[in-house]
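Atoms within each ligand, like the ligands themselves, are counted from 1 in listed order.
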Amino acid sequence: MLFKTISTYIRSSPLLFAMISLGALFELLFHYLSALSFKYLIDKALIPKDATVLAIIVGSLIMIGLLNVITGIMGDYAKAKLGSQLLFDYRMKLFRHMQMQSHRFYERFRIGDILARFTDDIPNIQASSLQMLSGGLISVLSVMVGLAILFSMEWKLTLLAIGGSVLLFLPYRMLKTRSLMLNEAYYAQLGNFTGAIDENIKAYKVIRGFDLRKTMLTRIEGNLSAMLSIGVKRSFVNANLNRLPMLAISVLTAIILGYGSYLTFNGRLSIGSFIAYNSIFITVGQSMFGVSALLPYILSARTSFLRLQKVLDWQPEVAERGSRVLAPVKREIALRDVSFAYVPGEPVLRDLDLSISATGYTSIVGASGSGKSTVLQLLLRFEDPSVGEVLYDDEDIRETDYASLLRQVGIVFQDSILFNASIRDNIRIGRPEAEERDIEEAARAAGIHDTILGFTDGYETQIHNHGDNLSGGQKQRIALARALIRMPRILFLDEATSALDPDTERSVNETILSLSRTRAIVSVTHRLAYAAMSERIIVLEQGRVAETGSHEELMGCNGPYRRMWDKQQGFSLSKGGGSVQVDSNRLEQFTFFRGFEPAALQEISRLFVTEKFEAGVHVVEQGDEGDKFYIIVRGKVEVVRILDTGECKKLAVLEDGDHFGEIALMHDVPRTASIVTQLPCLCLSLSRDNFNPLMTQYPSIREALETSLQTRKQRSNAQ
Ligand SMILES: Nc1ncnc2c1ncn2[C@@H]1O[C@H](COP(=O)(O)OP(=O)(O)OP(=O)(O)O)[C@@H](O)[C@H]1O
């Protein structure tokens, strides 16, 4: 495969190859003529003292030397061009391939692994190919030409040399498998290392905030130590692949010298011929060594080539095969009988039928894990359904030209990544041909124009670290402008505002509402206060549509929407979201507070304390003694349990209105699971110390709470 690739390259650039070959040919000519010249220099010029022959020999050598330099320079240029072209082509091929991929590809290949292909494997293939092309070509030609000359001078001696050269390739046979194995292990470790560095850069805030510097240092040290140990073995084996053939050359040289001297003593070889033979043999020996020295390069390039091929062979799940241009969507987009699974056998969407109007404002809501984001991914064709169709005005989007679909849509994600460029370029990236006034118009529509003008560098303000120098709201508004500049017929929002603080979230949602007058909006959200603004709400439950309708209609249904709505109500946030209070009526929704006297509930509500957590924080640690009960007012947490096997099991995801840790109100027992925030969280907490006096005051509370907690404890243990 590797050789096939190189020969394809040669065939595609015959001129460059001819230049390299010419350079090699003249280099050979120069070496052999210099060596052969001794025979004529000594026998025909020096011993007979013939100045004319001497001048001819020296003049010819100078001419050939000059041509050698000129063709050598041409060859160098050709190698530089061919090598750079190979780098360019392979990197483009890999990048293009990556762009066709979806989640399975990124699950299979880690970031570091892919980066290593770009930065190490491809350059390695390039360097080795060039080495084979230039060094290899010269060496092989040199061995062939040299042996032919030697054979014509003294065939017995030459047969001896050819027989002995087999020794040169013995180390290759012995060390090949080990070298390949070590190369593979080395590149795998390199991928781990690059991945760890990438993570370290992206997560630098979390690392500092949680003082994980020592942990990360230990991790990197572990990576580097593994690389060090493999690197030593790899370099040593590859050095041996070079060193051992030298031994064979030395033995051969000694034999040739001995036998050649014997022939000269007997008068069967002139002194000039012996010196010439010997110096040609040295050149041939060096070339043979040159051929064997290529072997480590070939082995290393083979490893890199196979690694690269492994990525390139990965077939994209979403094939862009449709060619029909999608007409502007006017009526509806729909999923028909759609089933979809990320993991075979574990469907996330089941026989889903869903239709969204191509005008107005639609929200898709549901509990965490109900499949909201997956629906969006199918609508945008980030994934294709396992069964069923995704239709835009009755056109199956698998049959249409993907670019014509993307031209009609805009998307804003929860965590919008901005590029490290100016604000202007970040907005323009949505439509590269956009003019200045389009950029400003999009920024105005996204409600960020005035803020940008307020920055010292205005639209030229550079964005660092994907947006670290902007607030969350500013980032999302720029992401909104980037989507709007495409003038999408449908704007998709995937939890676009849920990570913002309450005031910013409200203001960005007002902007979104105003945008819905001029284009269709499809918003995936779990925050129902904003879903209520939309004309139509689709409620998902476990991958199926549970109900649809307007906010008012769904509230009247007393179904899952109503339950979610009630769960998210009853909290009053202060301006700026700094503190929050829970209504006593809302407390009644918790089974363990149900039936308490109103006065007791009033008092309990006053005992809650506001707590804020950044994303990635362990609010509760498994095994710790619990002393607080929490309500999530805004945010999202993951409930995880470390099993006896050491495996980490995700038990649930909790979000707005959910609660955890109520057992701690009564008992001093270790937490049965850890709670880790996935998004910034605003919580209310009630500590046992604060709660205890109430139980003395209202004795019925203890009894009711105990019964309720027993039931819950049994359920939790069963999980
Ligand atoms: N790449 C993936 N690989 C495997 N499973 C996945 C993947 N992405 C999502 N899932 C699973 O699919 C289910 C639906 O996920 P999805 O993100 O669509 O839900 P959601 O309703 O948007 O949830 P959330 O509000 O928490 O984002 C979940 O059980 C989730 O764990």
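- Closest protein heavy atom to atom 16 (P) of ligand 1: Thr374 OG1, 3.5 Å.
- Atom 3 (N) of ligand 1 has its closest protein heavy atom at Glu107 OE2, 3.3 Å.
- The number of heavy atoms from other shown groups lying within 6.0 Å of CD (Gln414) is above 12.
- For atom 25 (O) of ligand 1, the closest non-hydrogen atom of the protein is Lys372 NZ, 2.9 Å.
- No donor-acceptor pair closer than 3.5 Å links the side chain of Arg110 to the backbone N or O of Gly191.
- Each of the following atoms of ligand 1 lies closer than 4.0 Å to a heavy atom of Ala367: 21 (O).
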Kindly indicate, with the supporting measurements, whether the criterion ring-ring contact (aromatic ring centres under 6.0 Å, His included) is fulfilled by Trp565 and His551. CA-CA 10 Å; Trp565 175 268; His551 170 72; 4.5 Å; yes
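- The protein atom (non-hydrogen) at minimum distance from atom 4 (C) of ligand 1 is Tyr342 CB, 3.3 Å.
- Checked by distance only, ligand 1 and Lys650 stay at 3.5 Å or farther apart across all their nitrogen or oxygen atoms.
- A side-chain donor from one of Arg586 and Gln589 sits under 3.5 Å from a side-chain acceptor of the other.
- Of all atoms in ligand 1, listed by their number and element, those nearer than 4.0 Å to a heavy atom of Val348 are 12 (O), 13 (C), 14 (C).
- Residue Gln678 places no heavy atom under 4.0 Å from ligand 1.
- The side-chain contact (heavy atoms from CB on, under 4.5 Å) search around Met100 returns Pro316, Glu320, not counting sequence neighbours.
- Here the heavy atom of the protein found nearest to atom 24 (P) of ligand 1 is Lys636 NZ, 3.2 Å.
- Here the protein heavy atom with the shortest distance to atom 17 (O) of ligand 1 is Ser373 CB, 3.7 Å.
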Run His659 and Tyr630 through ring-ring contact (aromatic ring centres under 6.0 Å, His included) and show every step you take. CA-CA 6 Å; His659 62 275; Tyr630 292 88; over 10 Å; no
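- Within a 6.0 Å sphere centred on CD of Gln542, heavy atoms belonging to other residues, nucleotides or ligands number 12 at most.
- With ligand atoms numbered from 1 in the order given, ligand 1 contributes 14 (C), 18 (O), 19 (O), 20 (P), 21 (O) to contacts under 4.0 Å with heavy atoms of Gly371.
- In this structure, atom 22 (O) of ligand 1 is in close contact with the protein, since a protein heavy atom lies within 4.0 Å of it.
- Aromatic pair Phe571/Phe608: ring centres not closer than 6.0 Å.
- Of the protein's heavy atoms, none falls inside 4.0 Å of atom 30 (C) of ligand 1.
- Partner of Ser534 under the side-chain hydrogen bond (donor to acceptor under 3.5 Å, both in side chains) criterion, chosen from Ser516, Ser523, Ser363: Ser363.
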